[in-house]
Number of protein chains: 2
Amino acid sequence: MKKAPTIRDVARTAGVSVSVVSRVLNDGSGPVAVETRRKVVQAIDELGFRRRAAARDLSNGQTLAVGLVLPDLTNPFFSRLADRIVWEARSRGAQVLLLTTQEDPHIEGEALNDLLDRSVGGVIATPAGGNVDRWHRLRAMGIDLVFVDRTLDGLEEVDVVSLQNEASAARATDHLLGLGHTRIAVISGPVETSTGSARIRGYSTALLAAGQVVDPVLVRDVPFRGELGGDAVAALLALPEPPTALVVANTAQVRSAVHRLFQLGVAIPDELSVVVFDDNPWSELVSPPLSVVRQPIDMLARHSVDLVLGRMQGRLPEAPQRLEVQADFVSRSSCAPPRRLAHR
Amino acid sequence: MKKAPTIRDVARTAGVSVSVVSRVLNDGSGPVAVETRRKVVQAIDELGFRRRAAARDLSNGQTLAVGLVLPDLTNPFFSRLADRIVWEARSRGAQVLLLTTQEDPHIEGEALNDLLDRSVGGVIATPAGGNVDRWHRLRAMGIDLVFVDRTLDGLEEVDVVSLQNEASAARATDHLLGLGHTRIAVISGPVETSTGSARIRGYSTALLAAGQVVDPVLVRDVPFRGELGGDAVAALLALPEPPTALVVANTAQVRSAVHRLFQLGVAIPDELSVVVFDDNPWSELVSPPLSVVRQPIDMLARHSVDLVLGRMQGRLPEAPQRLEVQADFVSRSSCAPPRRLAHR
DNA sequence: TTGTAAGCGTTATCAT
DNA sequence: ATGATAACGCTTACAA
């Protein structure tokens, strides 16, 4: 196991000094005679030389690596997001350090410490909540930060890429309203989260615009972790006046919610119309195929990577960017007009 | 944005030398008076000092970070694997650099280059195929390597964690045989891959043991990428003598295969019994719920992390480890005895 | 028990 | 256009 060649080895076998080699390595950081460059290049691949990232990072106090902090890869939304982000990052020459938080602020805190140590150049994250001080600290250390999917109050200065949560929820609700439903329920994420509150807002707005009232008993905000989506479904159906339509706006809970619906033997869409947030690979495999709000994951990925990398390289205006991408509504067979006198 | 404190700052404010600080940092790397340690510790968190990973790595020529090379996070099998590996790694203090290959040896090659640069301490990978020289090079540079899920010929010296592919395929086939099927088809991964060939072998063995012959026309090996699982299904059903049972042993193709089955309106299990490899979150949501071979993903994760980290820390015997973990067969409602005279 | 100083592989600043 | 050389922050002999 011979030691890997260093820049000095290259310099020696090319018969030049290390500074010259360094210059050809960082193309354009200084003048190099064309013939000299040739020799250097040749030496480089003759020796199979590769720059040690650690040394480079140490020297210029920064890394081209990006930290990716996500709740949980078990949720298809995040795993596809991770897939796209890794892809976009590598196509721009950056690497990705992956950390998961299980939606737990404590774990997230530790992850942030790691990131601090490792001095990544930037971070893309879906914040779990809290840790405001840590996030600030990160920024104070000059690490560029982009939130994806969710924001956090008190961090107005960080870039955010999210989807049009409010509009999308309104859109889904409108669809149901258009079918004639007058008792539409929603299962969202926690109201304390940016996505949870925005989606509930969209839902309410649509209802109000249609001249209906918002019945608080039909609005369920459940955590992202766990299987509480199912319980919310059960609770909703056990109501004296159960809903005839349901919007599952908590991506992490759609599996659980749908699972329960099936267990309970609810006839979809006859007894209950349903729309879910996010187009899972299986949402058209179940019967009936689910109508969904399709989140443009690749756009989220592309923009977040653009933002971090852009900031890290100092392009981009000072002001924090706030990007909202549009979601599509995909109508399949899980919605129908309400049946009068539907009993269960 | 003040500069982050260095080990020297700590030494100064604690009134000791840097080596002492370093010693308390790497607990046990040398003697430190208990009172001195106290002062140092105090100085450390007074200043909020954190070691720069780059410097540490540079100094000792190694990183505690692990490279994770996976085909594709879009496949639930790999996303769950990633999730578990990240988790296990962090619980042992290691970070994970994530790279995806899209099953493309060329992309994989580039990923390996990155890993070389970044001098991660070890790598956990599901090899896409080829790149044998690159893998060797990695090992030659002292980077510990563990293959998970798949192996590669010509790399007998690397640790492998996989599941009992042959036994699991046999098990699934046996189940169908037990139901009385005499025309069982299999859709596997490429025969060139370790998983593809092993599963076909298991399938054949079971058939032979039951006194049946292996009809080559019923054995379809399809790539991991793309949607060819669906086409294989269609081809199988178009046979003059179509199968009455099907084992989808290519995890990456089960969605596509099942999708096509549904499109074609095949009655499961009446017309066709099916068993699929890997317990997707949706496999019990579709109707009928699918009988599956459940892969013990957390075991795969745990063992791979144990292996890399163990090697990196120099424990572990010389000889390459070959771990096979057991998969469970979960019977649900997609299998039944064959119907005589089933026409389509 | 503690301190000094020489690396580790790059980059960047000056001279030449 | 090139070459010395000093950082960068930490680890580790080796001395004291």
Side-chain angles (χ1 to χ4, degrees), chain A residues 2-41 43-44 47-65 116-121 141-142 313, chain B residues 2-41 43-44 47-65 116-121 141-142 313:
Chain A
K2 266 206 310 299
K3 272 188 43 194
T6 79
I7 197 177
R8 252 176 285 267
D9 298 321
V10 176
R12 188 166 340 107
T13 95
V16 300
S17 76
V18 293
S19 10
V20 176
V21 179
S22 178
R23 269 184 234 122
V24 352
L25 251 19
N26 318 307
D27 206 31
S29 69
V32 175
V34 52
E35 170 60 8
T36 314
R37 144 169 282 114
R38 214 195 41 69
K39 283 191 302 189
V40 173
V41 169
I44 286 180
L47 297 183
F49 165 83
R50 326 216 85 233
R51 273 195 294 228
R52 304 276 270 84
R56 185 184 232 259
D57 294 348
L58 177 57
S59 183
N60 55 25
Q62 247 230 353
T63 313
L64 192 49
L116 250 11
D117 296 357
R118 208 142 273 287
S119 67
V120 293
M141 293 198 50
Q313 288 152 28
Chain B
K2 268 205 310 299
K3 272 190 44 196
T6 77
I7 195 177
R8 250 176 286 267
D9 298 322
V10 176
R12 190 169 336 107
T13 96
V16 300
S17 77
V18 292
S19 29
V20 175
V21 179
S22 178
R23 270 184 233 122
V24 351
L25 252 18
N26 318 306
D27 206 32
S29 69
V32 175
V34 53
E35 171 60 7
T36 315
R37 144 169 284 116
R38 213 194 42 68
K39 284 191 302 189
V40 172
V41 170
I44 287 182
L47 297 183
F49 165 83
R50 325 218 85 234
R51 269 192 293 217
R52 306 272 275 83
R56 184 187 234 262
D57 294 349
L58 177 58
S59 183
N60 55 26
Q62 245 229 356
T63 312
L64 192 49
L116 251 10
D117 296 358
R118 209 142 271 287
S119 66
V120 292
M141 293 197 49
Q313 289 153 30

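Proteins come first, then strands; the chains are lettered A, B, ... in the order of their sequence lines, and each starts at number 1.
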Exercise for the section: Round to the nearest Å and state the distance from A:I44 atom CD1 to C:dG9 atom P. Expected result: 16 Å
Exercise for the section: Using a 4.0 Å heavy-atom cut-off, write out nucleotides 7-16 of chain D from 5' to 3' as B (base contacted by protein), S (sugar-phosphate only) or - (no contact). Expected result: -BBBBB----
Exercise for the section: Hey, could you give me the CG/CD1 distance between B:L47 and B:I7, rounded to the nearest 0.5 Å? Expected result: 12.0 Å
Fill in the blank from the handout: Closest heavy-atom pair, A:S29 versus A:S22, reported as atoms and distance to 0.1 Å, is OG-O, 4.4 Å
Practice task
Give me the residues of residues 30-37 of chain A where at least one heavy atom lies under 4.0 Å from an atom of DNA chain D, by number, or none.
Solution key: A:P31, A:V32, A:A33, A:T36
Practice task
Take the protein atom CG of A:D57 and the nucleotide atom C1' of C:dT10, then report the distance between them rounded to whole Å.
Solution key: 10 Å
Exercise for the section: Nearest 0.5 Å please: distance from the CZ atom of B:R56 over to the CG atom of B:L64. Expected result: 7.5 Å
Practice task
Compare all side-chain heavy atoms of B:R37 with those of B:D27 and state whether any distance is below 4.5 angstrom.
Solution key: yes
Exercise for the section: Supply the atom-to-atom distance B:R52 CZ to A:L116 CG, rounded to the nearest 0.5 angstrom. Expected result: 10.0 Å
Exercise for the section: Enter the distance from B:L25:CG to B:F49:CZ here, rounded to the nearest 0.5 Å. Expected result: 5.0 Å
Exercise for the section: Supply the atom-to-atom distance B:I44 CD1 to B:R51 CZ, rounded to the nearest 0.5 angstrom. Expected result: 8.5 Å
Completion exercise
On a heavy-atom basis, the closest approach of B:V18 and B:A11 is N-CB, 3.8 Å
